[in-house]
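Note sheet for the following structure.
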Amino acid sequence: MAVLFVFVFQINLRLILVSGKTKEFLFSPNDSAADIAKHVYDNWPMDWEEEQVSSPNILRLIYQGRFLHGNVTLGALKLPFGKTTVMHLVARETLPEPNSQGQRNREKTGESNCCVIL
């Protein structure tokens, strides 16, 4: 009799709300940011009741200081299996433009992509 072992690789996410409350969830590497938002919304923790949102569509994940767009999968982020990864979960209607942070940084430092005429 042969025994077949199936290992399912899952990623443990610790989600942190703005209030500081946390909860851990297990996800597949194939799950996208939109899948995670929907799962969390559908399984909203009881101790997060005060932070309940009206729709999963406004839940946004922040990883390493960047908003994750809905189609980004955990596998694409190369998150480690067997370790806990921390992400922030916030309610926000829209995401900033991908290059808006770079524009703000250039404005702060005074850098420009223009030529200097002497």
Side-chain angles (χ1 to χ4, degrees):
M1 179 176 162
V3 177
L4 177 64
F5 290 98
V6 177
F7 293 99
V8 177
F9 294 105
Q10 290 194 309
I11 295 169
N12 188 38
L13 287 187
R14 178 179 297 144
L15 300 180
I16 304 175
L17 299 179
V18 174
S19 66
K21 293 180 182 177
T22 65
K23 183 74 174 177
E24 292 191 13
F25 296 89
L26 288 174
F27 293 102
S28 159
N30 296 325
D31 287 330
S32 68
D35 296 333
I36 294 166
K38 174 84 169 105
H39 176 81
V40 172
Y41 179 82
D42 291 343
N43 299 279
W44 198 258
M46 291 178 64
D47 60 330
W48 288 8
E49 189 174 344
E50 293 176 8
E51 289 89 355
Q52 179 70 48
V53 295
S54 59
S55 166
N57 298 331
I58 65 170
L59 289 174
R60 307 291 184 205
L61 291 169
I62 301 173
Y63 178 61
Q64 295 184 338
R66 297 178 186 244
F67 283 95
L68 300 182
H69 287 267
N71 60 346
V72 174
T73 65
L74 297 179
L77 297 172
K78 298 183 172 51
L79 301 180
F81 300 115
K83 293 185 179 179
T84 300
T85 298
V86 177
M87 292 189 185
H88 293 268
L89 182 69
V90 298
R92 184 173 174 141
E93 293 287 335
T94 60
L95 290 177
E97 292 297 319
N99 65 352
S100 65
Q101 184 64 36
Q103 180 64 33
R104 272 185 263 147
N105 286 344
R106 282 193 297 276
E107 289 169 2
K108 287 181 187 175
T109 62
E111 290 179 19
S112 174
N113 291 334
C114 300
C115 300
V116 176
I117 300 175
L118 301 174

Would you compute the distance between atom OG of Ser32 and atom CZ of Phe27 and round it to the nearest 0.5 angstrom?
10.0 Å

Heavy atoms of other groups near Glu49 CD, more than 12 under 6.0 Å:
no

Looking at Asn30 and Thr73, what are the two nearest heavy atoms and their distance?
O-CG2, 3.7 Å

Name of the residue among Thr22, Leu59, Val53 meeting side-chain contact (heavy atoms from CB on, under 4.5 Å) with Leu89:
Leu59

Would you indicate whether the side-chain heavy atoms of Ile36 and Met87 approach each other to under 4.5 Å?
no

Single-linkage hydrophobic cluster, 4.5 Å side-chain cutoff, Leu79 and Val40 together
yes

NE2/His39 to CG/Leu26 distance, rounded to the nearest 0.5 angstrom?
8.5 Å

Specify the closest pair of heavy atoms between Phe81 and Pro29, including all atoms of both residues, with the distance to one decimal.
CE2-CG, 3.4 Å

Does anything in residues 13-28 form a salt bridge (Lys or Arg N to Asp or Glu O under 4.0 Å)? List the pairs, not counting sequence neighbours.
Arg14-Glu24, Lys21-Glu51

For the side-chain contact (heavy atoms from CB on, under 4.5 Å) test, which of Leu13, Val86, Thr85 pairs with Tyr63?
Thr85

Distance in Å, Leu74 CG paired with Asn12 CG, rounded so as to fall on 0.5 Å steps
11.0 Å

Arg92 side chain to Arg60 backbone, donor-acceptor under 3.5 Å:
no

Side chain proximity check, Ile11 to Leu77, heavy atoms < 4.5 angstrom:
no

Looking only at non-hydrogen atoms, find the nearest pair between Phe25 and Pro45 and report the distance.
CZ-CG, 4.1 Å

